[in-house]
Amino acid sequence: RFSAAPAPEAHALGRSLAFDVRLAAQDVEASIAHVGALRGAGLLEPDEAAALEDALARIGEEVAGGTFPVNEDDEDIHSAIERVVTERTGALGAKLHAGRSRNDLVVTDLRLWMLAAGRGVGEGIRLLAVTLVDRARSTAEIVLPGATHGRPAQVVTLGHHLLAHAWALSRDLERFAAWSDRTSTSALGAGALATSTLDLDPSATAGRLGFERAFANSIDAVSDRDFVQEFLGVATILGSHLSRFAADLVRWTDPALGWAELDEAFATGSSMMPQKRNPDTAELARGKAARIAGDLVAVTALLQGLPLGYHRDLQEDKEPVFDAADTLLLVLPALTGATRTVRFDADAMRAACEDDGLYATDLAEALVRAGVPFRDAHRRTGELLRRLDAEDRSLRELRPDEWDAVGLPEGASLLDPDRSVAARGGPGGPSPGSVVSQADALDAVLRSDATG
């Protein structure tokens, strides 16, 4: 159709080989599956199909070994592989692209790559969650102040707090599993837009590639990138969960608080200040969430308002996906290692539970059990704390007669962190028994994910 080669500037702009080379193994796999479709349609003789499959298998070995030959004229990995096949098999190689477009090939390659990456991310999530569960079991009886609004609120247990992060990760696993099921759809056979006249069998091709299904609509097959957007959305939620856990590690390991200490293998020094042990692993994990969210925003902006059909704009979908997956596959094992080796200071956490305010709700609920309406109990407890604050006294300094006047003769016994958490033994609560029950439930979820 063209009488002149593209301008060098246009070729440079359109060239995607620098990043889509990561799809080489998947492109070989999809091409071999397409050879099967061509043979099934009677467009290749058995010996021709075998020769093409053999040539593609050798290219696959070269890709794996890092010796696959590309050159400056190759626009992308798809054209590079087709070029090499044709160079090696002659006219036979020219038959490979029948009934196939780069439009349906590239999206199939990307789905294959992302499904594999999703499995890797899922295993990373599971390992971090398992590590949190293990640490939670061993810290089920360690008390510490829980917080709301960043301020001390009520006594909880460390195991309870760690399991809160693990439960969030279990939902991330569910989201990735649901995404994987929807993404397991082959686009091969859709062609550029409207399938072909060559009597190919997309369902058989999908089966060869291990997909759950073939496309239902050829326009949707080449246009669809919601599987990319959904992956990035789920990755963004995961990144937020990892960031929140990392923020807790940063806070707990602050020497001003002194509740924990990162192992030296997961901390760094300062280029200027010799005394520093910086929580860089946790800080980087906290910050990487913004990067992943940026990847989601980039693809969302790319897709909104884009008409149906393939457009070259869609070449921009890959780098955000690669970046998000790479980032998660860096952060997850680093946080897992930090979690496995962090040292908790149970004494420092218990000492922080001397704060009177942590037991205000316990006092109010004790009044409720004595028959006082909750709002009255809330007011009376608040007035007591305000008076003691004005007198520069604490609840622990109340005399027995003062406790009687409040209506809580047993009040002094309520100012105990172990009693406080033990009293909250219901499902999902912070008591040691509840923590163990939650850990057992999470273990079942995580084992099911590993085997299911």
Side-chain angles (χ1 to χ4, degrees), residues 19-20 22-23 26 106-129 164-187 211-213 215-217 220-247 284-308 310-311 313-333 335 445-446 449 452:
F19 55 86
D20 67 21
R22 296 184 67 166
L23 301 176
Q26 288 74 29
V106 66
V107 71
T108 300
D109 291 355
L110 186 57
R111 285 176 182 268
L112 287 169
W113 189 93
M114 290 180 67
L115 286 167
R119 288 190 291 272
V121 170
E123 180 61 11
I125 297 170
R126 191 186 68 81
L127 289 175
L128 176 55
H165 290 297
W167 280 113
L169 292 175
S170 75
R171 294 190 296 275
D172 291 318
L173 280 173
E174 292 173 356
R175 275 184 280 268
F176 272 104
W179 164 83
S180 178
D181 180 66
R182 281 186 286 274
T183 300
S184 189
T185 302
S186 173
F211 285 112
E212 292 294 324
R213 66 195 70 83
F215 63 90
N217 179 287
D220 180 52
V222 299
S223 304
D224 171 37
R225 293 299 185 278
D226 62 18
F227 69 97
V228 173
Q229 196 174 18
E230 184 181 4
F231 176 89
L232 293 172
V234 173
T236 296
I237 296 172
L238 170 60
S240 296
H241 287 153
L242 299 178
S243 181
R244 297 181 78 181
F245 175 49
L284 286 167
R286 184 175 60 184
K288 293 290 187 183
R291 180 178 186 138
I292 298 169
D295 293 326
L296 171 61
V297 170
V299 169
T300 299
L302 170 71
L303 296 176
Q304 61 87 28
L306 199 63
L308 282 176
Y310 181 82
H311 305 271
D313 313 49
L314 294 175
Q315 181 172 297
E316 296 299 311
D317 64 352
K318 295 166 197 64
E319 288 177 287
V321 166
F322 295 157
D323 180 70
D326 290 347
T327 299
L328 289 173
L329 291 172
L330 282 173
V331 169
L332 284 163
L335 269 184
V445 170
L446 298 173
D449 179 75

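In this structure, OG on S186 lies 7.5 Å from CZ on F215, to the nearest 0.5 angstrom. Considering CZ of R286 and OG of S240, their distance stands at 13.5 Å, rounded to 0.5 Å. From L335, atom CG reaches atom CD1 of I125 across 12.0 Å, with rounding to the nearest 0.5 Å. With rounding to the nearest 0.5 angstrom, the CG atom of L242 is 7.0 Å from the CD1 atom of I292. Rounded to the nearest 0.5 angstrom, L169 CG and F245 CZ are separated by 8.5 Å. In this structure, CZ in F322 is found 9.0 Å from CE in M114, a value given to the nearest 0.5 Å.
Distance alone, capped at 3.5 Å, is enough to place a donor-acceptor pair between the T236 side chain and the L232 backbone. In this structure, the side chain of T183 does not engage the main chain of F227 through any donor-acceptor pair within 3.5 Å. Judged purely by atom type and a 3.5 angstrom limit, T327 uses its side chain to pair as donor or acceptor with the backbone of D323.
I237 is listed as a side-chain neighbour of D172, based on a closest heavy-atom distance under 4.5 Å.
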For the pair L238 and R175, evaluate side-chain contact (heavy atoms from CB on, under 4.5 Å) and give the outcome as yes or no after the intermediate values.
CA-CA 9 Å; L238 170 60; R175 275 184 280 268; over 6 Å; no
I would like to know whether R111 and D224 meet salt bridge (Lys or Arg N to Asp or Glu O under 4.0 Å); could you show each step before the answer?
CA-CA 11 Å; R111 285 176 182 268; D224 171 37; 2.7 Å; yes
Checking side-chain contact (heavy atoms from CB on, under 4.5 Å) for the pair T108/F211: CA distance, chi angles, key distance, verdict?
CA-CA 10 Å; T108 300; F211 285 112; 3.8 Å; yes
Stepwise side-chain contact (heavy atoms from CB on, under 4.5 Å) test for V106 and D20:
CA-CA 9 Å; V106 66; D20 67 21; over 6 Å; no
I would like to know whether V222 and L308 meet side-chain contact (heavy atoms from CB on, under 4.5 Å); could you show each step before the answer?
CA-CA 9 Å; V222 299; L308 282 176; over 6 Å; no
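Partner of V121 under the side-chain contact (heavy atoms from CB on, under 4.5 Å) criterion, out of V234, L173, L329: L329 alone.
The existence of a salt bridge linking R126 and E123 is confirmed by a sub-4.0 Å separation between a basic side-chain nitrogen and an acidic carboxylate oxygen. Taking a cutoff of 4.0 Å between a charged side-chain nitrogen and a carboxylate oxygen, R225 and D313 do not qualify as a salt bridge.
For R213, the CZ atom counts as densely surrounded, since its 6.0 Å shell holds more than 12 non-hydrogen atoms of other residues, nucleotides or ligands.
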